[in-house]
Amino acid sequence: MRAGKIGYCIVGTGAIAPWHAAHIAAVPEAELVAAVDRDTERLALFRSRFGIPHGYSSLEDALQDSAVDVVIICTPTTTHAAIAEQAAAAGKHVLSEKPMALTPADADRMIAACRGAGVKLGVILQRRQSDAVLAVKRMLDEKLFGDIVLASAYLKYYRNAAYYVEAPWRGTRTDGGGALMNMGVHGIDLIQWLNGGVTGVFTRAATLARDITVEDTSVSSVTFGNGALGSIEASTLVYPEYATRCELHGTNGTVVFDDNGIVLCRTLAGDIDPAAWRAEAQPAPASGVPAVNHYRFLHDMTMAVLEDRDPHVTGEEAKKSIVVVDAMYRSADSGREIRL
């Protein structure tokens with residue numbers, strides 16, 4: 001740590017990396033000091049674009065840099081566990097892109113490595129930091145809608161054939177799976193988090209239109225930890241695609257929200273003003289950034305290191321959605337319900 005600032009190193013300078021670079025620049029207590037990529041030409045362009053002082057073609061060299069406090073993993077999901085283990089062994093904190101791992105076992109590797117080394121492990125599940133979701137969480141904690149009896153998530157996206165051709169690792173297990181793990185994990189994380197986890201799933205999944213080796217469509221019947229029943233629909237074939245949408249129905253009312261905010265919020269006593277339930281004092285950047293939710297995760301990780309506390313989404317917390325998706329795949333493969 002230099003002059004009170006947390007030094008970040010981005011590993012992998014592909015499509016998501018610029019988002020991290022932009023948000024780090026907006027956090028007063030953070031500084032992007034290094035980047036790693038085996039593609040030296042892409043690395044040079046990335047460094048030039050964001051004014052990054054150090055560039056490395058190997059992770060090993062980057063981990064020797066004393067200016068690096070936190071490693072952000074922006075590489076394909078199959079590499080996350082090994083990178084986290086290396087970073088933790090070098091005494092570096094870890095912030096991983098979603099999904100944190102492909103399997104619960106790999107998630108456990110990451111958790112054990114970071115806990116064992118005494119470093120932080122955070123995972124980017126940025127929808128948890130939206131104003132709408134934070135408001136809904138407060139409402140649920142205070143039982144505004146009574147007992148939730150029905151909860152559903154609709155994860156309907158569109159990815160054309162060219163999307164998979166331009167990057168051959170997409171649509172494979174290397175990419176984390178299809179409509180469920182790669183695209184739907186954010187919504188799955190939200191619906192399970194807001195309903196006390198998942199205790200059982202029965203899933204049907206299929207590859208209906210794209211020339212890929214993973215599912216492009218799936219439907220799941222779900223039992224949640226709070227006792228509610230529900231469903232999760234996920235697809236990458238829906239045009240035009242929808243915003244990630246969740247619906248929760250309780251004995252006293254209903255709340256519906258998507259990526260654009262709260263759509264419906266009503267109890268037996270009448271409509272509820274969501275603004276009255278927003279979490280207080282949420283950090284916001286002084287200047288515009290691509291997405292405030294993502295900024296809040298970078299800000300939170302920075303403060304977790306400075307304040308020596310756990311980040312908002314720990315490895316243990318992020319693992320929960322991995323366990324759910326893994327159970328969905330096992331259910332689809334076996335044709336039976338999987339109990340958790």
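- A donor-acceptor distance shorter than 3.5 angstrom exists from the side chain of His23 to the backbone of Ala291, with no hydrogens or angles considered.
- Sparse packing is recorded around CZ of Arg204, with 12 or fewer heavy atoms of other residues, nucleotides or ligands lying under 6.0 Å away.
- The NE2 atom of His249 sits 11.0 Å away from the CZ atom of Phe145 when rounded to the nearest 0.5 Å.
- In terms of modelled atom types and a separation under 3.5 Å, the side chain of Asn195 and the main chain of Gly197 share no donor-acceptor contact.
- A salt bridge links Arg128 and Glu317; the closest N-O separation between the charged side-chain nitrogens and carboxylate oxygens is under 4.0 Å.
- For the residue pair Thr236 / Tyr163, no side-chain donor-acceptor distance below 3.5 Å is found, with atom types taken as modelled.
- Of the possible donor and acceptor atoms, none in the side chain of Ser331 sits under 3.5 Å from a partner among the backbone N and O of Ala327.
- Taking the side chain as every heavy atom from C-beta outward, Thr203 and Val222 never approach each other to under 4.5 Å.
- Interatomic distance, CZ of Phe297 versus CD of Gln129, reported as 5.5 Å (0.5 Å rounding).
- Between Thr251 and Gly146, the closest heavy-atom pair is OG1-CA, 3.5 Å.
- Remark: Asp308 engages Lys120 in a salt bridge, criterion side-chain N to carboxylate O under 4.0 Å.
- Formation of a donor-acceptor pair under 3.5 Å by the Arg278 side chain with backbone atoms of Leu134 is not found in this model.
- Formation of a donor-acceptor pair under 3.5 Å by the Glu215 side chain with backbone atoms of Ala179 is found in this model.
- Look at Asp108 and Lys319 and you find a salt bridge, because one of the NZ, NE, NH1 or NH2 atoms lies within 4.0 Å of a carboxylate O, short of that distance.
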Dump the intermediate steps for side chain to side chain contact (heavy atoms under 4.5 Å, CB included) on Ile188 and Leu180, then the final yes or no. CA-CA 8 Å; Ile188 293 167; Leu180 286 169; 3.9 Å; yes
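- To the nearest 0.5 angstrom, Ser334 atom OG is 14.5 Å from Tyr329 atom OH.
- No more than 12 heavy-atom neighbours from other residues, nucleotides or ligands sit within 6.0 angstrom of CG on Asp211.
- For Arg330, the CZ atom is densely surrounded, since the number of other residues' heavy atoms within 6.0 Å is greater than 12.
- Members clustered with Tyr158: Tyr239, by chain and number, using a 4.5 Å side-chain heavy-atom cutoff among hydrophobic residues.
- At least one side-chain heavy atom of Pro18 sits less than 4.5 Å from a side-chain heavy atom of Phe46.
- Looking at residues two or more places apart in sequence or on another chain, you find no side-chain hydrogen bond (donor to acceptor under 3.5 Å, both in side chains) involving Asp39.
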Ile262 vs Met139, test: side chain to side chain contact (heavy atoms under 4.5 Å, CB included). Steps then yes/no. CA-CA 12 Å; Ile262 293 177; Met139 295 177 195; 4.2 Å; yes
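- Not one N or O on the side chain of His186 forms a donor-acceptor pair closer than 3.5 Å with the backbone of Arg127.
- In summary, of the residues considered (Leu248, Ile148, Leu194), a side chain to side chain contact (heavy atoms under 4.5 Å, CB included) with Val255 occurs for Leu248 alone.
- Tested against Ser231, the residues Ser152, Ser220, Ser221 include a single side chain to side chain donor-acceptor pair (under 3.5 Å) partner, Ser152.
- Between Arg115 and Asp310 there is a salt bridge, since a side-chain N of the basic residue sits under 4.0 Å from a carboxylate O of the acidic one.
- When hydrophobic clusters are built by joining Ile, Leu, Val, Met, Phe, Trp and Tyr residues whose side-chain heavy atoms come closer than 4.5 Å, directly or via intermediates, Met183 is not grouped with Val219.
- Listed here is the closest heavy atom pair of Cys9 and Val36: SG-CG2, 3.7 Å.
- Panel note: side chain Thr244, backbone Asp258; no donor-acceptor pair is recorded below 3.5 Å.
- With hydrophobic clusters built from ILVMFWY side chains whose heavy atoms lie under 4.5 angstrom apart, Ile111 shares a cluster with Val313.
- The aromatic rings of His294 and Trp19 lie tilted to each other, with the angle between the two planes from 30° to 60°.
- Checked by atom type and distance alone, the side chain of Gln86 never pairs as donor or acceptor with a backbone atom of Glu60 at under 3.5 Å.
- Judged purely by distance below 3.5 Å, without hydrogens or angles, the side chains of Thr172 and Tyr164 never pair a donor atom with an acceptor atom.
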Is there a side-chain hydrogen bond (donor to acceptor under 3.5 Å, both in side chains) between Glu97 and His20 once you walk through the steps? CA-CA 10 Å; Glu97 260 297 337; His20 288 281; 2.8 Å; yes
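- In terms of hydrophobic clustering, with Ile, Leu, Val, Met, Phe, Trp and Tyr side chains grouped at heavy-atom distances under 4.5 Å, Leu237 and Tyr157 are assigned to different clusters.
- Between Leu229 atom CG and Leu150 atom CG the span is 7.5 Å, to the nearest 0.5 Å.
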Test side chain to side chain contact (heavy atoms under 4.5 Å, CB included) on Tyr295 and Asn293; report intermediate values, then the result. CA-CA 5 Å; Tyr295 165 83; Asn293 304 347; over 6 Å; no
Would you check, one step at a time, whether the test side chain to side chain contact (heavy atoms under 4.5 Å, CB included) holds for Glu31 with Ile6? CA-CA 6 Å; Glu31 181 180 10; Ile6 299 302; over 6 Å; no
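- Residue Tyr154 is found outside any hydrophobic cluster, as its side-chain heavy atoms come under 4.5 Å of no other Ile, Leu, Val, Met, Phe, Trp or Tyr.
- Counting heavy-atom neighbours within 6.0 Å of Glu41 CD, excluding the residue itself, gives a total of 12 or less.
- Between the side chain of His93 and the backbone N or O of Val119, no donor-acceptor pair lies under 3.5 Å.
- Asp37 places a side-chain N or O within 3.5 Å of a backbone atom of Thr13 that can act as its donor or acceptor partner.
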Derivation and outcome, salt bridge (Lys or Arg N to Asp or Glu O under 4.0 Å), residues Arg159 and Asp216: CA-CA 9 Å; Arg159 296 294 181 269; Asp216 56 27; over 6 Å; no
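- Annotation: the span from Phe257 atom CZ to Ser130 atom OG amounts to 7.0 Å, rounded to 0.5 Å.
- Ion pairing between a basic and an acidic side chain is recognised when a charged N comes within 4.0 Å of a carboxylate O; Lys320 and Glu316 show no such pairing.
- Residue Arg339 places its CZ atom among more than 12 non-hydrogen atoms of other residues, nucleotides or ligands, all under 6.0 Å distant.
- Using a 4.0 Å cut-off between a side-chain N of Lys or Arg and a carboxylate O of Asp or Glu, Asp69 and Lys92 do not qualify as a salt bridge.
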